[in-house]
2 protein chains.
Amino acid sequence: MTNPLRLESLEALDAIDRHGSFAAAAAALYRVPSAISYTISQLENDLGVAVFDRSGHRAVLTPAGRLLLDEGRRILTATRELGAAARRVADNWEPELRIAVDGLIPPTDLWPAIAAFGAEHPAINVRLTEEVLGGTWEALIDDRVDLAVGVADPPAGAGVRRTAYADVAFAFCCAPHHPLAERTHAVTEDELRSHRAVVVADSARRLSPRDAGLLDGQPRLTVASMASKVAALEHGLGVGHVPRAWVAEALAAGRLVELPLERPREAAQTWLLWRSGAPGRALEWFIRRLGGDRDQPMPRASQMRS
Amino acid sequence: MTNPLRLESLEALDAIDRHGSFAAAAAALYRVPSAISYTISQLENDLGVAVFDRSGHRAVLTPAGRLLLDEGRRILTATRELGAAARRVADNWEPELRIAVDGLIPPTDLWPAIAAFGAEHPAINVRLTEEVLGGTWEALIDDRVDLAVGVADPPAGAGVRRTAYADVAFAFCCAPHHPLAERTHAVTEDELRSHRAVVVADSARRLSPRDAGLLDGQPRLTVASMASKVAALEHGLGVGHVPRAWVAEALAAGRLVELPLERPREAAQTWLLWRSGAPGRALEWFIRRLGGDRDQPMPRASQMRS
DNA sequence: CCAGGCGTTCGAAAAGTTTGAACGAGTATG
DNA sequence: CATACTCGTTCAAACTTTTCGAACGCCTGG
């Protein structure tokens, strides 16, 4: 049993319903009424089903006709969209762009770019995932994302290109009611060691996980994301370094306090990474927007962009 | 811009991918290779997009071709299914049958019938909702469902037909640690009045709600469903009548105890209801299966069917 | 009752598809 | 390195399908 349904029949059905009569539909399709009659009776023959009830003066849809009309419209739409999507792909626009943002960068950082992209290219989907440390790199290498944003120390790796993204400065924080908050002078490493550190777990599935900026012997609370880490710090569960952009508001509101450190952690240079090879145009759009001119990959002086 | 995509092109594309070459696809479609060439180049012209890369010996899909193939298959499937669905509708099978089951009946009661129906008619969807008292009737009248199962006192109403369903017997229950559980002799109405009754709220949205089997002046806890009522009783929040089928297991396990009543509530006759008019065949199937021979609507002697 | 719109039917004309043969190009096989 | 085979394309001719235009019968509204 081969496919017994023609798109032209559905198109005709749609036009008839839209314009109210065979004659009007014919006019709308720049055809003669008999052609519409022919198309519909062909549909009815193919299907072995009455689509219109002609017992009255004007033809009226049967229940089966109603179903064909309603569902047929979905098929027509899908078909038209498929045509458009194919054209876009041929023009090197990806149907979907997948972006991983590293825990160092608040995802809100990307919203303006994503909103602007969505306004320009409403038909292209953007999928944003959040990863931590090696997980961001791994998502790119494993082809789970097309663009990695805010990776701090990308391993040397063939097949990956990069351009500078933001410098991320850290604040060493704890809750106001945390014992360390009493301190007025810079905290030494020895003092630190007796307080629990909140750390974010590397989200790598495959590569060996690494932890960042930790003193040996310090007790830990490991959480899954930077957002959880901030929440944990606010609840006084420990201390830790957090990118300033993540805690600016909490510091201003007094939910967290910043502690001076004897050896403060220096700002981290972060990168925009993508696989080399022919990038799609959506990827190029984001590289240009987020990374600026990628032919001059130099570290940016700014901290986080808002 | 009219629709520039033909189903035959997608069909050809599918056949080429499935059989590995233009020639094999042609054979599978009982056509000559040049016809396939023609169809594909027509697709490429319509779309203005290369679907195959012919630079090598064998034609190989471009990314756009890949998209057309993958998405095109979905469209082909949808189209075929639409044809089949239209035939079913013309044959008086509903695309979806909506059933409301009254709170008196455990929904599990219907599972065997629904499973059997699904096995016979896998393409017809069944939507099961749960309603209480007037809500069941109202869902039917408002055309939110096609069949109402287990309605106890259907109001006289034109345009509705019915046949007997199960007789529902009630058990008056409370938790074993409830004060009334101490009683060894039949409970009088006066005694009852001082204990909270758990009642199920009528789910009617429009019609005036009614409450069943309540003594005036008795404090109440109103819950949304029979399942909640059973749970409330088990937690000792009150007392109340429950259809035996809902609590057989809880009584056997000792999570509830049955109390003898001075004036026990008599079993309720329940009905299967549907709107009169030409019933679809799925509806007929369920009426026949659940209600037996509907030309002899007589109360059934059994209690609940399992 | 008449004018006008509706949808169908039919033969003829137009448009579109399929065919088969010929061709060039690539790939296995000996 | 021939040879035989398969692949996909092109082209004119045969064929099929769709569209057209005119004629017709039906119903509705004035």
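Computation of the quantities below employed the complete heavy-atom set of this structure, encompassing side-chain atoms and omitting hydrogens, waters and symmetry-equivalent molecules. To find a chain, count down the sequence lines: A is the first, B the second, and so on, and within it residues start at 1.
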| query | Does B:Ala50 offer a backbone N or O that forms a donor-acceptor pair with the side chain of B:Thr62 under 3.5 Å? | reply | yes

| request: Check every strand shown and say whether B:Gln42 touches a base, only sugar-phosphate, or nothing at a heavy-atom separation below 4.0 Å. | output: sugar-phosphate

| field | Side-chain donor or acceptor of B:Asp202 paired with backbone N/O of B:Gly134 under 3.5 Å | value | yes

| query | Which angle, rounded to 10°, do you find between the first-five-pair axis and the last-five-pair axis of the helix from C:dC1-D:dG30 to C:dG30-D:dC1? | reply | 30°

| query | Who pairs with B:Ser276 by side-chain hydrogen bond (donor to acceptor under 3.5 Å, both in side chains), at least two apart in sequence or on another chain? | reply | none

| message | Looking at A:Arg54, I'd like to know if its CZ atom is crowded, meaning that more than 12 non-hydrogen atoms belonging to other residues, nucleotides or ligands lie closer than 6.0 Å. | response | yes

| field | Residue list, salt bridge (Lys or Arg N to Asp or Glu O under 4.0 Å) with B:Arg275, at least two apart or on another chain | value | B:Asp143, B:Asp146

| message | Counting the atoms with a prime plus P, OP1 and OP2 as sugar-phosphate, which does A:Thr39 contact under 4.0 Å by heavy atoms, base, sugar-phosphate, or nothing? | response | sugar-phosphate

| Are the side chain of B:His121 and the backbone of B:Phe117 linked by a donor-acceptor contact shorter than 3.5 Å? | no

| Can the positive tip of B:Arg162 be found less than 6.0 Å from the middle of the six-membered ring of B:Trp271, inside 45° of the ring normal? | yes

| said: Please report the interatomic distance CZ(A:Arg98) to CG(A:Leu140), rounded to the nearest 0.5 Å. | reply: 9.5 Å

| note | Residues in residues 20-34 of chain A with a heavy atom under 4.0 Å of DNA chain C, by number, are A:Ser21, A:Phe22, A:Ala23, A:Ser34

| said: Need two values: the first and the last nucleotide of DNA chain D, 5' to 3', having an atom under 4.0 Å from any heavy-atom of chain B. | reply: D:dT6 to D:dT10

| request: With a 4.0 angstrom cut-off to heavy atoms of chain B, pull out the first and last contacting nucleotide of DNA chain C, in 5'-to-3' order. | output: C:dG16 to C:dT27

| B:Phe52: partners by ring pair (Phe, Tyr, Trp, His ring centres under 6.0 Å), with sequence neighbours left out | B:Phe22

| task | Indicate whether any N or O donor in one side chain lies under 3.5 Å from an N or O acceptor in the other, for B:Asp109 and B:Tyr165. | result | yes

| Which residues satisfy the salt bridge (Lys or Arg N to Asp or Glu O under 4.0 Å) test with A:Glu8, sequence neighbours excluded? | none

| query | For B:Arg281, which residues count as a salt bridge (Lys or Arg N to Asp or Glu O under 4.0 Å) partner, sequence neighbours excluded? | reply | B:Asp91

| task | Check each residue of residues 54-66 of chain B for a non-hydrogen atom within less than 4.0 Å of any atom in DNA chain D, then write out the ones that pass by number, or none. | result | B:Arg54, B:His57, B:Ala59

| Non-neighbouring partners of A:Gln42 that pass side-chain hydrogen bond (donor to acceptor under 3.5 Å, both in side chains), sequence neighbours left out | A:Arg6

| With A:Arg144 via salt bridge (Lys or Arg N to Asp or Glu O under 4.0 Å) - residues at least two apart | A:Glu131, A:Glu138, A:Asp142

| field | Least distance between heavy atoms, B:Gly135 atom then B:Ser203 atom | value | CA-OG, 3.3 Å

